[in-house]
Amino acid sequence: MKFRPDTQAALERGRDEIIERYLRSGDPNIVGVGISFRVRGGKRTDEPVVMVLVEKKRPAALVSLRRLLPENVEIDGVRWGIDVVESGPAPSVGVAQSPVAPTLVAGPISEEMRPPRQGCSISNQVAGDGTGTYGATVVDLTDNTNGLLTCNHVIGRMNAGQPGEAIIQPGFADTSNRNAIATLKRLIPIDPVTGTDTDAALAQLAGGVGATDLVARDLMTPIGPSHPAVGLIVAGNQTGGCYMTVMDTVLTGLNVKLLGATSSSAATKAPQVGMHLEKVGRTTAYSSSTVMSIGNTVRVDTRSPLGVVEYRNLIYAPRFCLAGDSGSVACEGGDGKTFVEVPDSPCPFLTEVGTYYDLDLVSENDLADQARDEFFAQSVTGNLLIQATYLNAEVVKNRVADKTATEDELYYAQEFHQRSRDFVAEVIADPTSTATVTQAQLDDTTFIVDGLTQTLMTPEEADAAWVLNDEVLSQTLGMNRTQMIAYMNDQAVAKKVYDTIAAVPTMELHPQIPLD
């Protein structure tokens, strides 16, 4: 799908406004901002929009008012819609540090290939770790020699690489042999201050290695006019979210052309929203996805001294790559739905809290979701507590990230978890459960509150915690599940909880809580 030139120009201005107001303000949930066509009900419409990629998409009621995105952005008197799409965690440069289990039948691609083929694994021998993908064979237009194309962060050591460093194939994650096939020739530097729109490097193939445009295991047809290159994979996340530099930008920046092409712009094609892409990469072998948005500005963790760098004008496609696929060339083609297989993304809140207390809370994600949907969501007070949890999750995550639990905290947290976990699971699983809240359980909660007020809470938060414990929670003694829900639907109880939390300056709640 193509944009009209005037439409694209307006959307790009709207995108830049959202980038400045939200992405650059440090909102941790916003991953990137680009332009696209609105997706509604899982289908793409013909409405041009600014597309905001977020780690987790939540209902507006569960999003902080400071971070709530507007429904549209106005440019020269015209309002353009904003479409929020869940893309998973913020991306990082994706090199494999150790052997990765296959995610598709054909992966990973770990064998030696001579001549090296597009999609095989490579590493910089000086780096000592990290494995990426041989993107394509190219011709250096400065001297007409053959070379390999991949990412700066794969063979250029994030700007630190020096000409002449050996490039090996297979890469470190796949072999103990150190067989050089090329030497680093040049790279496009990545500026950590101003950002970049290219992450690419060139290595000159060694004499006798040979050069071919064939693809590893013949999983895809070679690049050519009927199978044009669209982008170079430069970053991704653990859910398969994939970000690519535009191929024309890469080839022009390095002053190279694809092997067999007549010029640097031959056998390439500009990305379009809805375009099917296919690639062959070291870790996931063959996959196919669809361009979700273009022109994206994304903050990428380079996992290097450069820190987090703003990458611009990126192509985004979901479930298309994993660590080790960096450097792969994405071509137009495929069915658009042969996705990489990825594990479910754990809740970041449970991850951070579990890490602090040395508890495996990630495995409790399903139970936590069930408790939210089948118990707390059934009452006014329960929904209020859900809202308070989501709105203030970042505060909790940041606070535990800056502290280390004492031995006593670890011991008592694990004891409490062991005693309460099975009881909660049993009650949540059975809507008719007659199990009741005991004094021992309330004593446990009081003990936990006492510990939290001394370690992780501000004085105002501690006062609120004691009010909720002594005046609200203590009243549930002897109640079963049904009675608890009825109690939490009492408007007086909900108002007490709301007023107590809202009075704490470090806590956030939406004011539109329905309390009649």
Side-chain angles (χ1 to χ4, degrees), residues 1 36 44 87 91 94 96 100 102-110 113 116-122 132-138 148-151 154 200 212-237 239-251 258-261 266-294 296 314-342:
M1 302 176 71
S36 187
R44 187 172 290 104
S87 62
V100 176
T103 56
L104 294 178
V105 174
I109 298 174
S110 57
M113 294 184 183
R117 292 189 174 200
Q118 176 183 343
C120 67
S121 78
I122 56 173
T133 297
Y134 185 116
T137 303
V138 295
L148 73 85
L149 168 69
T150 189
C151 293
V154 171
T212 182
D213 64 356
L214 296 177
V215 180
R217 302 181 187 170
D218 298 316
L219 293 172
M220 193 170 69
T221 58
I223 299 171
S226 61
H227 190 230
V230 177
L232 183 75
I233 293 175
V234 297
N237 62 33
T239 65
C242 189
Y243 300 83
M244 294 154 275
T245 295
V246 175
M247 183 54 64
D248 281 336
T249 303
V250 172
L251 298 178
L258 294 161
L259 185 67
T268 64
K269 189 171 182 178
Q272 297 176 22
V273 175
M275 175 187 281
H276 287 182
L277 298 178
E278 60 181 355
K279 74 96 182 67
V280 175
R282 176 265 166 195
T283 299
T284 58
Y286 178 84
S287 62
S288 178
S289 186
T290 302
V291 175
M292 176 70 75
S293 57
I294 62 176
N296 291 281
L314 297 187
I315 310 160
Y316 170 68
R319 297 183 62 188
F320 193 42
C321 70
L322 289 175
D325 289 332
S326 284
S328 303
V329 171
C331 297
E332 183 181 26
D335 62 7
K337 55 184 180 182
T338 304
F339 301 121
V340 299
E341 298 174 7
V342 296

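All of these numbers come straight from a predicted model, not from anything done at the bench. Numbering of residues begins at 1 and proceeds along the displayed sequence.
- Side-chain contact between R117 and V280 is absent, with no heavy-atom pair separated by less than 4.5 Å.
- Nearest heavy-atom pair across S110 and R217 is N-NH2, 4.1 Å.
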Let's go through M247 and V230 carefully: what are the C-alpha distance in whole Å and the side-chain angles of both, what is the deciding distance for side-chain contact (heavy atoms from CB on, under 4.5 Å) to 0.1 Å, and is it a yes or a no? CA-CA 5 Å; M247 183 54 64; V230 177; 5.7 Å; no

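- Between the side chain of S287 and the backbone N or O of F320 there is at least one donor-acceptor pair closer than 3.5 Å.
- The backbone N or O of S288 lies less than 3.5 Å from no partner atom in the side chain of T338, so there is not a single donor-acceptor pair.
- The backbone N or O of G135 sits nowhere less than 3.5 Å from a side-chain atom of T150 that would complete a donor-acceptor pair.
- At a threshold of 4.5 Å between non-hydrogen side-chain atoms, the residues E278 and L219 do not count as touching.
- Side-chain atoms of Q118 and I223, non-hydrogen and from C-beta on, do get closer than 4.5 Å to each other.
- Heavy-atom minimum distance, L148 versus Y134: CB-CE1, 3.4 Å.
- The two residues D325 and T133 come nearest to each other via the heavy atoms CA-OG1, 3.5 Å.
- In this structure, OG on S326 lies 13.0 Å from OH on Y243, to the nearest 0.5 angstrom.
- I109 and C120 get closest at one heavy-atom pair: CG2-CA, 4.0 Å.
- Expressed to the nearest 0.5 Å, how far OG of S87 lies from CE of M292 amounts to 9.0 Å.
- Of the possible polar contacts, one joining the S289 side chain to the P318 backbone as a donor-acceptor pair under 3.5 Å is found.
- At distances below 3.5 Å, not a single donor-acceptor pair connects side-chain atoms of T268 with backbone N or O atoms of D248.
- C321 has its side chain out of reach of V340: every pair of non-hydrogen atoms, C-beta onward, lies at least 4.5 Å apart.
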**Request:** Test R44 against T290 for side-chain contact (heavy atoms from CB on, under 4.5 Å), laying out the working first.
**Result:** CA-CA 11 Å; R44 187 172 290 104; T290 302; 4.2 Å; yes

Passes side-chain contact (heavy atoms from CB on, under 4.5 Å), L314 versus T245? Steps please. CA-CA 5 Å; L314 297 187; T245 295; 3.9 Å; yes

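- Panel note: side chain D218, backbone T221; no donor-acceptor pair is recorded below 3.5 Å.
- Between P91 and A235 the shortest heavy-atom distance is CB-CB, 4.1 Å.
- In this structure, the side chain of S328 does not engage the main chain of G119 through any donor-acceptor pair within 3.5 Å.
- In this structure, the separation between CD on E332 and CG on L277 is 8.0 Å, given to the nearest 0.5 Å.
- Considering only heavy atoms from C-beta on, M244 stays 4.5 Å or farther from L232 through its side chain.
- Closest approach of T137 to T212, counting heavy atoms only: OG1-O, 2.8 Å.
- The backbone N or O of L258 lies less than 3.5 Å from no partner atom in the side chain of D213, so there is not a single donor-acceptor pair.
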